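One structure below.
Here is the naming used below: chain letters follow the sequence lines, and residue numbers restart at 1 for every chain. Everything numeric here is computed off the predicted structure, so don't read it as measured data. All values below come from the heavy atoms of this structure, side chains included, with hydrogens, waters and symmetry mates left out.
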Amino acid sequence: MDLNLGLNLALPELIIAVGALVILVFGAFRGDKGMTSVSALCGVVLIAAAYFAAFVGHGTAFSGSFVIDGVAAFAKVFIYIAGVFVIVLGQGYFDRVGNRRFEFPILILLATLGMSMMVSAGDLIALYIGIELQSLALYVLAAFRRDDPKGSEAGLKYFVLGALSSGLLLYGASLVYGFTGSMNFNDIAVAAAANQQTGLIFGLVFLICGLAFKISAAPFHMWTPDVYEGAPTPVVAFAAGAPKFAALVLIARVLMGGFEDSIEQWRQVILAISVMSFIVGGLGGLMQKNIKRLMAYSSIANMGYALLAIAAGTEYGVQALLLFSVLYMVDTLGMFAVQMSLSRKGQPVENVSDLTGMSKISMPTTIVITILMLSLLGMPPLGGFWGKYYIFGSALAVEGLWPFAALGLAASVLSAFYYLRILKVMWFDAPTDELDKAPAEAKWIAYGAAAFAFPIAMLALHWLDPLAQMAASSFGLK
Amino acid sequence: MTLMAIAFYIMALITVAAGFLVITAKNPVHSVLFLILAFFSAAGLFVLLGAEFLAMLLVVVYVGAVAVLFLFVVMMLDVDFSKLRQGFANYLPIGGVVALLLMTELIMISFAVADRGAAAGNEPQAFTADATNIETIGRVLYTDYVYLFQAAGFVLLVAMIGAIVLTLKHRTNVKRQDISKQVGRQRKNAVAIVKVKTGEGIKE
């Protein structure tokens with residue numbers, strides 16, 4: 001009967017897992033001709049999973065390795081929805097580049113399965129297997145265009161550095177297990193509260209380093225620009241949002257669930273990584289000419305802000321993390337959708353200099369990019385501003401964190417230069433050649449993201465804010 | 001007890017000797033064969049320790065899969081091993097220092113274990129008295145750990161899909177035998193009877 005309860009709680013994961021297997025067989029019989037129907041089926045599976053994830057009961061299952069609480073449910077719903085949009089983007093993209101492969105949507109499905117394992121991980125093995133499932137699918141997706149040398153390079157770099165980070169993570173996990181005698185986060189918390197050993201903190205630091213790789217926080221960010229530049233754009237649109245959301249939730253769960261009483265120890269580590277991230281992200285982006293590389297540095301900086309909310313270690317911090325991640329995911333999805341929709345004579349627009357005089361060529365695109373850039377920059381009253389508002393609010397509420405919040409604000413002013421440079425190039429420089437006609441699905445997703453960033457986010461927050469608060473309260477923190 | 005000791009010394013000696021021969025054998029195929037011998041005798045050591053499941057895993061995974069894969073790689077790739085051995089004398093000093101350090105560590109650990117016993121000084125013991133290791137693992141694998149076991153299966157599935165996606169190429173212009181096509185071939189599609197007039201030949 002225990003198993004039945006577990007299967008009920010894991011209903012969204014079961015839908016995705018069984019769906020992926022069935023669709024894989026279907027795809028294998030239909031071949032690459034059937035990519036459209038495979039994509040459609042995968043989208044339906046994800047929507048169904050998102051629906052059940054929102055309404056499934058809370059509890060723990062499978063001897064504590066699977067936890068469903070408010071935070072897990074909240075994260076899952078948004079990760080599944082992001083997956084649907086990425087499948088739509090990918091379908092159009094691979095159609096246009098003439099590389100139709102039915103495995104693409106299935107790998108996205110399996111990656112979301114890994115992510116939902118990550119956000120509901122209740123012990124160290126589930127954490128590791130979730131991360132591996134997610135990253136392995138993403139390594140393959142990054143190298144999906146195997147004839148493209150940059151794509152293969154991106155895939156290989158992602159794979160090798162990801163394997164290294166898994167090694168760090170496993171080493172940390174083995175130390176934690178050795179010093180506490182348990183894999184389960186709750187038991188670890190009990191053991192850690194009873195006896196604060198140096199070896200345990202040592203293991204925790206390795207664990208944090210391995211996880212920081214996955215969210216591309218400095219100093220573990222070196223793979224990010226190359227992978228963003230080389231991997232196919234829909235894959236980047238996915239990798240920039242959903243896996244990072246899942247990894248952030250996972251970090252919050254490990255630190256606040258398993259090491260609640262060691263907060264003084266891990267807060268220093270998280271703060272150091274956070275400050276380094278937004279400084280590296282702010283400075284690194286200044287010299288970038290390629291839009292995707294620039295977005296990579298922007299994501300490094302934004303992960304720094306997200307870690308600030310984790311360093312706060314409060315319920316409000318978790319709430320801020322959830323809201324920030326959702327708003328950031330929408331912005332990046334929109335930005336990469338815009339980038340996909342722009343091409344000139346069949347060549348994708350990749351450099352900032354290709355955007356010159358965009359306001360005279362295509363007004364709607366210019367407005368969309370402007371809104372998304374200002375939102376990423378954190379200009380009030382756009383979506384990104386509210387994310388940062390919550391983050392800095394949560395950091396300021398904790399005694400002694402204000403210098404780090406101030407540093408974060410300074411770094412965000414620094415990074416404003418590169419966002420504003422794009423706006424200047426688009427609005428005030430002389431126009432170049434005409435653009436090709438934008439593909440419909442990328443254009444509309446970009447419009448939708450921009451509309452969300454500007455007026456809708458303010459209205460949606462009235463509804464998202466209490467939801468995130470309710471979710472965050474399930475951690476049982478102060 | 002003496003029988004156990006004799007078995008231990010024989011297998012330990014074979015393991016060390018085989019390990020030494022792996023790196024000194026001239027022929028790379030012989031190296032791989034000695035590696036397999038080393039795996040087998042290490043498996044024997046595991047059996048002596050009472051870890052029969054690990055012994056089986058070692059034989060199945062390392063000998064059955066990994067070593068055979070090595071053998072394939074060594075035989076398929078044209079690697080010039082005499083070239084790889086060049087510069088042996090140059091790297092000898094640094095290699096010797098590392099080897100010496102490792103040796104010292106091993107000796108120190110051996111003395112520490114002999115002095116205080118392994119890990120926390122506990123003898124390894126069976127989880128339940130009435131069941132072997134394999135039975136115990138089998139009992140929890142599909143009950144307590146069913147979630148993780150199935151999830152690990154999905155990781156392997158992703159690896160399989162990935163390998164196919166990244167390497168499978170459907171080559172066009174390859175002539176394959178298609179029996180149904182051969183059998184279904186009609187006379188009128190294959191042969192045309194043309195009346196050729198003298199001195200004109202056939203057009204086309």
So which residue, A/Ile106, A/Leu110, A/Leu141, ends up with the most heavy-atom pairs under 4.5 Å with chain B?
A/Leu110
May I ask you to check whether over 12 heavy atoms, not counting those of B/Leu102, lie within 6.0 Å of atom CG?
yes
A/Leu136 portion near chain B, given a 4.5 angstrom heavy-atom threshold
both
Starting at CG of A/Asp147, measure out to NZ of B/Lys169 and round the result to the nearest 0.5 Å.
5.5 Å
With a 4.5 angstrom heavy-atom cut-off, which part of A/Leu21 approaches chain B: side chain, backbone, both or neither?
side chain
Can you establish whether the number of heavy atoms outside A/Phe26 located under 6.0 Å from its atom CZ is more than 12?
yes
Would the number of heavy atoms belonging to other residues, nucleotides or ligands and lying under 6.0 Å from OH of B/Tyr62 be above 12?
no
Is B/Leu157 in contact with chain A via its backbone, its side chain, both, or neither, using a 4.5 Å heavy-atom distance?
side chain
If the plane angle is over 60° it's perpendicular, under 30° parallel, otherwise tilted; pick one for B/Tyr147 and A/Phe66.
perpendicular
What's the separation between atom CD in A/Glu13 and atom CZ in B/Phe154, rounded to the nearest 0.5 Å?
11.0 Å
Okay, B/Val146 and chain A: the region with an atom under 4.5 Å from a heavy atom over there is side chain
Closest heavy-atom contact between B/Leu166 and A/Val140?
CD2-O, 4.1 Å
Within a 6.0 Å radius of atom CZ on A/Phe159, are there more than 12 heavy atoms belonging to other residues, nucleotides or ligands?
no
Interface check, chain A: of B/Leu148, B/Val155, B/Thr143, most non-hydrogen pairs under 4.5 Å belong to B/Leu148
Highest number of heavy-atom pairs under 4.5 Å with chain B among A/Gly64, A/Ala61, A/Ser65 belongs to A/Ser65
Out of A/Arg101, A/Gln134, A/Glu132, which one racks up the most heavy-atom pairs below 4.5 Å with chain B?
A/Arg101
Under a 4.5 Å heavy-atom cut-off, does chain B meet the side chain of A/Ala17, its backbone, both or neither?
both
Is the number of heavy atoms from other residues, nucleotides or ligands within 6.0 Å of CG (B/Leu106) greater than 12?
yes
Which atoms of B/Thr167 come close to chain A, meaning under 4.5 Å heavy atom to heavy atom: side chain ones, backbone ones, both, or neither?
backbone
At a heavy-atom separation under 4.5 Å, does A/Leu107 approach chain B through its side chain, its backbone, both, or neither?
side chain
Counting only heavy atoms closer than 4.5 Å, note whether B/Ile161 contacts chain A via side chain, backbone, both or neither.
side chain
